[in-house]
2 protein chains.
Amino acid sequence: MEDGFRSGCPINLTLEVLGDRWSLIVIRDIMFGNRRHFRELLQNSEEGIASNILASRLKRLLEHGLLTRVDDPSHKQKGIYSLTEMSISLIPIFAEMGAWGNRFLPVSEELSIRAQLLEEGGRPLWNDFMQELRVLHLGAIRDPQTPSVFGQLQAAYQAVVASREGS
Amino acid sequence: MEDGFRSGCPINLTLEVLGDRWSLIVIRDIMFGNRRHFRELLQNSEEGIASNILASRLKRLLEHGLLTRVDDPSHKQKGIYSLTEMSISLIPIFAEMGAWGNRFLPVSEELSIRAQLLEEGGRPLWNDFMQELRVLHLGAIRDPQTPSVFGQLQAAYQAVVASREGS
DNA sequence: TTTGACCGATTGTAATATGCAAGCGGTTTT
DNA sequence: AAAACCGCTTGCATATTACAATCGGTCAAA
């Protein structure tokens, strides 16, 4: 029974794995921002993660099976980080967290549009997005029927940014 | 713009408010365990929260509007902690976290049954439960039509515990 | 009316996590 | 050959956490 966890409660276990201020941020950036390299995650970070924290979180997420890493064939020092089924399955949690934050916290307009679309799209959209992430990160075969959710989210974000610059 | 938050992203903001190892545990115990006093939260804690951490989390959650506190008329030193609409609205997040933990982490049977029921019940059950929590914590009027979700979850938990003791 | 259990916290101390800046040896680009 | 970039580490200061003991006050029972 004693595996180092505080309790076997599903919510507690989820918190023990993901309940800190950075782990989900890293996964979010890989997932929604398609950042696949260390430097991409470091330099494009909206919240300004420190390099040592990023390094420790990537290591931890690898250990817990939420990410995988392969060498980048185009650059001997780069690694490519990918989501796993475990982290792709976090989409509903991200969607609900985004919806809750949108409702109760002082979100900025351009960063909230994706959360809003995910909430409105509901489970069917989440499933499409998860399938798309399996294609991107797990090498699954893409179904040409389903439109790209990733593209939709990006386009909506760009549209808000553009409209705000124009105003 | 500068309100002390790292960014205006809904997911980041949610993490800044709830992204630690204890805040959601405290809310979970109030919500699913109906613990309303400091000592109840402290002594019945499955994970063994320390008293100073509990005190600081309760204070923080009050400040963020996730809990309210009133004096207990039956005891001059006791306070009664209640959920708010903001924390009751966390039900979908708890449900999704529970479902994810159930699927990917080494949960214990008796503590996972409630997460399983919440997942199977889906949005309609969540809505019933949220309405029930409004009755318990916000003084809303109870609809005698809808059966008690709280009672269902408790009964299922007890049943698992009993069956395990019997085996 | 005394006693002992209980009340919501607070304090002290040590361990751990985080934030920040600089730098590592090496690779790739110019 | 020089400069930019690569993932990642180190050192150090600060903040958060864990753990145990304890606070002054309240309550119920003897």
Side-chain angles (χ1 to χ4, degrees), chain A residues 2 4-7 12 15-27 29-30 33-64 67-82, chain B residues 2 4-7 12-13 15-27 29-30 33-64 66-82:
Chain A
E2 254 319 319
F5 290 117
R6 300 184 301 197
S7 88
N12 172 63
L15 281 174
E16 291 204 57
V17 172
L18 299 171
D20 68 271
R21 293 168 105 66
W22 290 113
S23 294
L24 282 177
I25 294 290
V26 172
I27 296 174
D29 284 350
I30 298 176
N34 203 33
R35 316 258 158 77
R36 307 296 291 271
H37 303 294
F38 189 95
R39 285 278 161 169
E40 283 181 305
L41 288 163
L42 185 66
Q43 294 178 330
N44 300 335
S45 168
E46 191 83 34
E47 289 83 16
I49 192 171
S51 61
N52 56 345
I53 306 285
L54 175 58
S56 84
R57 284 310 178 283
L58 287 171
K59 185 179 164 198
R60 224 178 87 93
L61 292 170
L62 288 172
E63 288 167 358
H64 280 100
L67 296 177
T68 57
R69 195 204 118 116
V70 295
D71 290 337
D72 184 340
S74 78
H75 190 303
K76 288 187 178 174
Q77 283 180 314
K78 281 188 182 177
I80 301 178
Y81 292 95
S82 295
Chain B
E2 254 320 319
F5 290 117
R6 300 183 302 197
S7 87
N12 172 64
L13 289 169
L15 281 174
E16 292 205 54
V17 172
L18 299 171
D20 70 88
R21 293 168 106 66
W22 290 112
S23 295
L24 282 177
I25 293 290
V26 172
I27 295 174
D29 284 350
I30 298 175
N34 202 33
R35 318 258 157 77
R36 306 297 291 272
H37 302 293
F38 188 96
R39 285 279 160 165
E40 283 181 305
L41 289 163
L42 185 67
Q43 295 179 329
N44 300 336
S45 168
E46 192 82 32
E47 289 82 15
I49 190 170
S51 61
N52 56 346
I53 305 288
L54 175 58
S56 82
R57 285 310 176 283
L58 287 171
K59 186 178 163 195
R60 225 178 86 92
L61 292 170
L62 288 172
E63 288 166 357
H64 280 99
L66 286 147
L67 296 177
T68 56
R69 194 203 120 116
V70 294
D71 290 338
D72 184 339
S74 78
H75 191 302
K76 288 188 178 173
Q77 283 180 315
K78 280 189 181 177
I80 302 176
Y81 292 94
S82 295

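All values reported here derive from a predicted model rather than from experimental measurement. All chains are named by letter (A, B, ...) in the order of the sequence lines, taking the proteins before the strands, and each is independently numbered beginning at 1.
- Atom CG in B:Leu42 sits roughly 13 Å away from atom P in D:dA18 (whole-Å rounding).
- Rounded to whole angstrom, the span from the CZ atom of B:Phe38 across to the P atom of D:dG25 amounts to 18 Å.
- One interatomic measurement links the two molecules: CG of B:Asp20 to P of D:dT16, which rounds to 11 Å at whole-angstrom precision.
- Atom CD of B:Glu16 and atom CG of B:Leu18 lie 11.0 Å apart (nearest 0.5 Å).
- Each of C:dG19, C:dT11, C:dG26 was ranked by its minimum atom distance to the side chain of A:Gln77; first place goes to C:dG26.
- Here C:dC6 presents its P atom at 17 Å from CG of B:Leu41, a figure rounded to the nearest Å.
- The distance from atom CG of B:Asp29 to atom CH2 of B:Trp22, rounded to the nearest 0.5 Å, is 9.5 Å.
- Candidate nucleotides D:dT9, D:dA20, C:dT28 were compared by shortest atom distance to the side chain of A:Asn52, and D:dT9 ranks first.
- The nearest whole Å value for the distance from the CZ atom in A:Arg21 to the C1' atom in C:dG19 is 12 Å.
- For A:Arg60 and C:dA17, the CZ to C1' distance is 11 Å, given to the nearest whole Å.
- Taking atom CD1 of residue B:Ile49 and atom C1' of nucleotide D:dA18, one finds them 11 Å apart after rounding to whole Å.
- Atom pair B:Arg57:CZ and C:dT10:C1' shows a separation of 16 Å (rounding to whole Å applied).
- Distances shorter than 4.0 Å separate some side-chain N or O of A:Arg69 from OP1 or OP2 on D:dC8.
- Side-chain proximity of B:Lys76 to D:dC19, C:dC7, D:dC27: nearest is D:dC27.
- Side-chain to base pairing of A:Ser51 with D:dT9: one donor and one acceptor N or O lie within less than 3.5 Å of each other.
- Rounding to the nearest 0.5 Å places CG of B:Asn52 at 7.0 Å from OG of B:Ser56.
- Once rounded to the nearest 0.5 Å, the distance linking CZ of B:Arg69 with CZ of B:Arg36 reads 12.5 Å.
- Closest-nucleotide positions on DNA chain C for A:Ile53 and A:His75 were compared, and the one nearer the 5' end corresponds to A:Ile53.
- Of the candidates D:dC8, D:dC6, C:dA9, the closest approach to any side-chain atom of A:Lys78 belongs to D:dC6.
- Residues A:Leu41 and A:Val26 come closest through the heavy atom pair CD2-O, 4.1 Å.
- Under 4.0 angstrom from either OP1 or OP2 of C:dG19 there lies at least one side-chain N or O belonging to A:Trp22.
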